[in-house]
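For clarity, every value in this text was computed on a predicted model and none was experimentally measured.
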Amino acid sequence: MDDEVRGYLAELVDRARGVLGDDLVGAYAAGSVGLDAYQPGRSDVDVALVVARALTGPVKRALVDRLRHEALPCPARGLELVVYRRDVAAAGTATPGFEVELNTGATMPFRVTYAPADRPVADGHFWYALDRSILHQSGRALVGPPAAEVFADLAPGDLRRLLAEALAWWLALPTPPGDGPAPGAEDAVLGACRSLVKVRDGRWLSKVDAGRRLRERGEHADLIGRSIAARHGGPPPSGPEARDFQRQVLAEVAAIH
């Protein structure tokens, strides 16, 4: 783990414990940190907190006040924090199920959501259960029991349905017309690679590692190679290229039984 991120996470845990006390069951690094794919300057810091019981409104607001970027500067692009009750984490449910969600950082728009019902449907409700599946496999315990003991995995049918929803959501995003490089298209391609590797091989990899696995198999080698290079400053693929690949992946994910 990046030393600066390590120190930041230690302080985040201390502050969370100061607000939550004995109700804090565990804290877990997710996303790129959990998957050993953190890229300084590009990656977010993803953290899941698990609590023993539902949080009151004042406790939720106190947690946000203590952890937002203005109070605890995030060394990455931003912090994506989600808090779950212990029973939700252990249930393997496909629903969002969070207590509070916080996005905050120097280059990340501030956003706080205090209940799943407040999350706009257009922003996607599939993220949370997929993230908990990744946590089950690769969550890094900062405090508390191992992540695999706290987070249940999704049922296969729920996993495929949510991955299909995620791919459809990506496809609905606007992209620049024409055949020129489209910023963000590399993440669309590599995110689709991760979904495809998960349904085929049953394992979550980072976006880049999933792309490398498919490229090593001779699949879409040029497109995936350019997408990986774009994460290190190279030109991204075009929007139509990314969309065509996403459609192919969605068709395969939706067809798997």
Side-chain angles (χ1 to χ4, degrees), residues 1-52 55-85 89 96-116 118-120 123-124 127-128 130-132 134-135 138-144 147 150-151 183-184 186-187 190-191 206-208 230-233:
M1 192 189 305
D2 180 278
D3 286 342
E4 194 172 18
V5 172
R6 187 189 307 276
Y8 170 76
L9 290 173
E11 178 63 20
L12 184 150
V13 170
D14 284 346
R15 290 182 177 222
R17 186 184 288 112
V19 174
L20 300 169
D22 291 341
D23 280 342
L24 180 63
V25 174
Y28 302 88
S32 59
V33 175
L35 291 166
D36 293 321
Y38 179 79
Q39 184 177 343
R42 185 180 184 103
S43 298
D44 303 325
V45 173
D46 298 271
V47 176
L49 301 180
V50 178
V51 294
L55 301 182
T56 64
V59 170
K60 292 179 182 183
R61 291 189 289 273
L63 191 64
V64 168
D65 288 344
R66 291 284 286 158
L67 299 184
R68 63 183 298 164
H69 180 70
E70 292 80 2
L72 178 62
C74 180
R77 190 182 78 90
L79 167 70
E80 294 189 350
L81 176 86
V82 187
V83 183
Y84 299 106
R85 296 194 316 272
F98 61 84
E99 290 291 299
V100 60
E101 175 187 36
L102 170 66
N103 290 354
T104 183
T107 59
M108 176 182 287
F110 177 81
R111 178 171 185 166
V112 61
T113 310
Y114 289 111
D118 298 332
R119 169 86 178 187
D123 290 347
W127 305 103
Y128 309 94
L130 293 175
D131 285 345
R132 293 195 298 267
I134 296 173
L135 280 158
S138 297
R140 182 176 296 193
L142 306 172
V143 66
V150 175
F151 294 92
E186 71 276 14
D187 283 333
L190 297 175
S206 72
K207 292 177 182 178
V208 170
R231 292 178 67 93
H232 298 279

Undergrad: Has His69 got a side-chain atom pairing as donor or acceptor with Cys74's backbone, closer than 3.5 angstrom?
TA: yes

Undergrad: Under a 3.5 Å distance rule, please check whether Glu4 uses its side chain to pair with a backbone N or O of Pro75 as donor and acceptor.
TA: no

Undergrad: Could you tell me if the side chain of Asp131 sits less than 4.5 Å from the side chain of Val82, heavy atoms only?
TA: no

Undergrad: Mind checking the CZ-CH2 spacing from Arg119 to Trp127? Nearest 0.5 Å is all I need.
TA: 8.0 Å

Undergrad: Any chance you could measure Leu79, atom CG, to Asp46, atom CG, to the nearest 0.5 Å?
TA: 8.0 Å

Undergrad: For residues Leu135 and Ala147, report the shortest heavy-atom separation together with the two atoms involved.
TA: O-CB, 3.3 Å

Undergrad: Quick check for you: to the nearest 0.5 Å, what is the distance between Leu63 atom CG and Arg68 atom CZ?
TA: 12.5 Å

Undergrad: Enumerate the residue pairs fulfilling side-chain hydrogen bond (donor to acceptor under 3.5 Å, both in side chains) with a member in residues 18-34, sequence neighbours excluded, ordered by first and then second residue.
TA: Asp23-Arg53

Undergrad: Suppose we screen for ring pair (Phe, Tyr, Trp, His ring centres under 6.0 Å). Which residues come up paired with Tyr128, at least two apart in sequence or across chains?
TA: Phe98

Undergrad: Can a donor-acceptor pair be found, under 3.5 Å and without considering hydrogens, that links the side chain of Arg132 to the backbone of Pro96?
TA: yes

Undergrad: Under the salt bridge (charged side-chain N to carboxylate O under 4.0 Å, His left out) definition, can you give me all pairs with a residue in residues 28-39, not counting sequence neighbours?
TA: Asp36-Arg140

Undergrad: Can you check whether Arg66's main-chain N or O pairs, donor with acceptor, with Arg15's side chain at less than 3.5 Å?
TA: yes

Undergrad: Working note: Phe151 + Val50, criterion side chain to side chain contact (heavy atoms under 4.5 Å, CB included); need CA distance, chi angles, decisive distance, verdict.
TA: CA-CA 9 Å; Phe151 294 92; Val50 178; 3.5 Å; yes

Undergrad: Using every non-hydrogen atom in the two residues, find where Ala76 and Tyr38 come nearest and quote the distance to one decimal.
TA: CB-OH, 3.3 Å

Undergrad: Of all the heavy-atom pairs spanning Asn103 and Met108, show the shortest one and how long it is.
TA: CB-SD, 3.6 Å

Undergrad: Look at the side chain of Gln39 and the backbone N and O of Arg231, then say whether any donor-acceptor pair between them is shorter than 3.5 Å.
TA: yes

Undergrad: Any sub-3.5 Å donor-acceptor pair from Glu11's side-chain atoms to Leu9's backbone N or O?
TA: no

Undergrad: How far does CZ of Arg111 sit from CG of Leu102, to the nearest 0.5 angstrom?
TA: 11.5 Å

Undergrad: How close do Val25 and Ala52 get, counting heavy atoms only, and between which atoms?
TA: CG2-N, 3.6 Å

Undergrad: Are any non-hydrogen side-chain atoms of Asp118 and Glu101 less than 4.5 angstrom apart?
TA: no

Undergrad: With heavy-atom distances below 4.5 Å as the criterion, would you say the side chains of Leu20 and Leu55 are in contact?
TA: yes

Undergrad: Tell me whether Lys60 contacts the main-chain N or O of Tyr114 through its side chain, where contact means a donor paired with an acceptor under 3.5 Å.
TA: yes

Undergrad: side-chain contact (heavy atoms from CB on, under 4.5 Å) with Val100: which of Val112, Val59, Leu67?
TA: Val112

Undergrad: Within this structure, what is the CG-OG1 distance for the pair Asp44 and Thr104, rounded to the nearest 0.5 Å?
TA: 11.5 Å

